[in-house]
Amino acid sequence: MTFINYASREINCKIVYYGPGLCGKTTNLQHIYDSTAPQAKGKLISLATETDRTLFFDFMPLELGTVRGFKTRFHLYTVPGQVYYDASRKLILKGVDGVVFVADSQEERMDANIESLYNLEENLQTQGYNLMDIPYVLQLNKRDLPNVVPPDELAAELLRKGEPVFEATASQGVGVFDTLKAVAKQVLTELRKG
Amino acid sequence: MAETPVVIHEHQFLKLKSVLARTCAECAARVVLLVDRDGHPLAFHGDIAGLDTTSFSSLAAGNVAATTSMAKLIGEDVFPAVVHEGERESIFINVIGRSLLVVVFDERSTISLVKLRTKKASFEVGALLDEVARDSELQRQSENSFFAEITDDDIDSLFS
Ligand SMILES: Nc1nc2c(ncn2[C@@H]2O[C@H](COP(=O)(O)OP(=O)(O)OP(=O)(O)O)[C@@H](O)[C@H]2O)c(=O)[nH]1
Ligand SMILES: [Mg+2]
């Protein structure tokens, strides 16, 4: 849910990175964090396990600049991808303004992608949203690995509504900002529609 | 359909701030924050030196989201208040509909004082936020909303 504060002249939006375990959601945030100027970002908070798997969420606030005198601030969250953390995923989706689905391009992760995407649609529905109606972008991550499924095959399996698709190698920062920009743009466009 | 954006106008923001200021004094608290349940910080009052209010708000919301889910698992609808008592600093969170009133206090105050003195504030904050929600819905319906005037160029310029 977007917050617009006329006193502090700020717009606050929430973007959630979703996808199967180890697909690279946290890596996306880490790259955004590492390559943003200090004045544009807050802390990156990671609620993670001993082994660096997301336990509850990662969070970082990011300021993109001003629109008509209003500071636009995006709150970026990742969900834990591991199947058994579903209760946490549902909580993180509350109040979401836009979703990035990070798919793992490796052949052996195809089923995990499909299952996670299905889980996203289901969890959005229990929160009263419909994937068809919310700002949404598909990222095909880990393109640097040898055993990847061709992009058009992945898209055929995972595309839901003609959403923007980006190939990425999040661990090298490739495609990370293109993905973020695309979803942020949709969120702001949605705001204009009212 | 996306949710109605919450629009907080200046006079409403100032009223919220003054309720927080009074509550902070009455509770002998260090800081009082108002946070949306999705983690957006709305307003705060007090000594925030060294406190990262943005991170704090997101974690407070995550905390309440988790305890509320735990409540449901044991057959409670919600835990209306969440308390964390430290050796010196403590946190009291009162759930008010869609938002959280968070009081950070130290040994100059007590949990019972904070509980007592946040009661009235919770009603006031609740009423103010109801008004905000009503106005936001009206603003959404009005044709001449400020955001209808945002152009593609405005949005593109953010990413240049
Ligand atoms: N080769 C390669 N490795 C990547 C890429 N993106 C992420 N990784 C690696 O994949 C592993 C998992 O990445 P994370 O970002 O922690 O995955 P996650 O989606 O947050 O996982 P959960 O928190 O369990 O849901 C890490 O070792 C990353 O370095 C990529 O584009 N290419
Ligand atoms: Mg993670």
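Each chain gets a letter, A, B and so on, in the order the sequences are listed, and its residues count up from 1.
One finds a salt bridge joining B/Asp152 and A/Arg192 here, because a Lys/Arg side-chain nitrogen approaches an Asp/Glu carboxylate oxygen to under 4.0 Å. Ion pair B/Asp52/A/Lys43 flagged as a salt bridge, since at least one NZ, NE, NH1 or NH2 atom sits closer than 4.0 Å to an Asp/Glu carboxylate oxygen.
Residues B/Leu100 and B/Val19 fall into different hydrophobic clusters, defined by Ile, Leu, Val, Met, Phe, Trp and Tyr side chains chained together at heavy-atom separations under 4.5 Å. In the hydrophobic clustering of this structure, B/Ile93 does not group with B/Leu34; members are Ile, Leu, Val, Met, Phe, Trp, Tyr whose side-chain heavy atoms approach within less than 4.5 Å, directly or through other members. Cluster annotation: B/Phe105 is connected to B/Leu101 through the hydrophobic network of ILVMFWY side chains, with a link wherever side-chain heavy atoms come within less than 4.5 Å. Under the 4.5 Å side-chain heavy-atom criterion for grouping Ile, Leu, Val, Met, Phe, Trp and Tyr, A/Val187 is connected to A/Val100 within one hydrophobic cluster. In the hydrophobic clustering of ILVMFWY residues, with side-chain heavy atoms under 4.5 Å counting as a link, A/Val96 and A/Leu47 come out together.
Side-chain contact check for A/His75 versus B/Thr54: some heavy-atom pair is nearer than 4.5 Å. Using a 4.5 Å heavy-atom threshold, the side chains of B/Val6 and A/Thr2 count as separate. Counting heavy atoms from C-beta on, the side chains of B/His40 and A/Lys14 come closer than 4.5 Å. In this structure, the side chains of B/Leu158 and A/Val67 come closer than 4.5 Å at one or more pairs of heavy atoms. Residues B/Val132 and A/Phe3 fail the side-chain proximity criterion, which asks for heavy atoms closer than 4.5 Å. For the pair B/Asp36/A/Asn12, no side-chain contact is recorded, criterion being any heavy-atom separation below 4.5 Å from C-beta on. Looking only at side-chain heavy atoms (C-beta outward), A/Leu188 and B/Ile150 stay at 4.5 Å or farther from each other.
For a residue to count as touching a neighbouring chain, one of its non-hydrogen atoms must lie under 4.5 Å from one of that chain's; by this rule B/Asp154 touches chain A with backbone and side chain alike. Looking at A/Leu44, there are no atoms closer than 4.5 Å to chain B (heavy atoms on both sides), in backbone or side chain. Looking at A/Leu64, both its backbone and its side chain come within 4.5 Å of chain B, counting heavy atoms on both sides. For B/Ser69, the part lying near chain A is the side chain, with the backbone staying farther off; criterion is any non-hydrogen pair under 4.5 Å. When heavy atoms are compared at a cutoff of 4.5 Å, A/Phe177 does not approach chain B at all. With a threshold of 4.5 angstrom between heavy atoms, B/Arg98 approaches chain A through side-chain atoms but not through N, CA, C or O. When heavy atoms are compared at a cutoff of 4.5 Å, B/Ala61 does not approach chain A at all. Interface residue B/Leu42: backbone and side-chain heavy atoms are both found under 4.5 Å from chain A. Contact of B/Thr68 with chain A is not made at all, since no heavy-atom distance falls under 4.5 Å.
Annotation: maximal heavy-atom pairing with chain B below 4.5 Å, among A/Ser88, A/Gly95, A/Ser8, occurs at A/Gly95. Ranked by heavy-atom pairs under 4.5 Å with chain B, the list A/Met132, A/Met60, A/Lys94 is led by A/Lys94.
With rounding to the nearest 0.5 angstrom, the CD atom of B/Gln139 is 7.0 Å from the CD1 atom of A/Ile4. If you take OH on A/Tyr6 and CD on B/Glu10, they are separated by 11.5 Å, rounding to the nearest 0.5 Å.
In this structure, B/Lys115 places its NZ atom where only 12 or fewer heavy-atom neighbours from other residues, nucleotides or ligands lie under 6.0 Å away. Within a 6.0 Å radius of CD in B/Glu87, other residues, nucleotides and ligands contribute 12 heavy atoms or fewer. Applying the 6.0 Å contact sphere to NZ of A/Lys161 captures more than 12 heavy atoms from other residues, nucleotides or ligands. The 12-atom threshold is exceeded at CZ of B/Phe79, counting heavy atoms of other residues, nucleotides or ligands nearer than 6.0 Å. Within 6.0 Å of CD in B/Glu89 there are more than 12 heavy atoms belonging to other residues, nucleotides or ligands.
Of all the heavy atoms in A/Tyr77 and B/Ser58, the pair that sits closest is OH-CB, 3.4 Å. The two atoms that bring A/Phe59 and B/Ser55 nearest to each other are CE2-CA, 4.1 Å, heavy atoms only. Nearest heavy atoms, B/Pro5 versus A/Leu191: CG-CD1, 3.7 Å.
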Check step by step if side-chain contact (heavy atoms from CB on, under 4.5 Å) holds for A/Lys185 and B/Asp156.
CA-CA 8 Å; A/Lys185 202 168 163 173; B/Asp156 283 332; 2.6 Å; yes

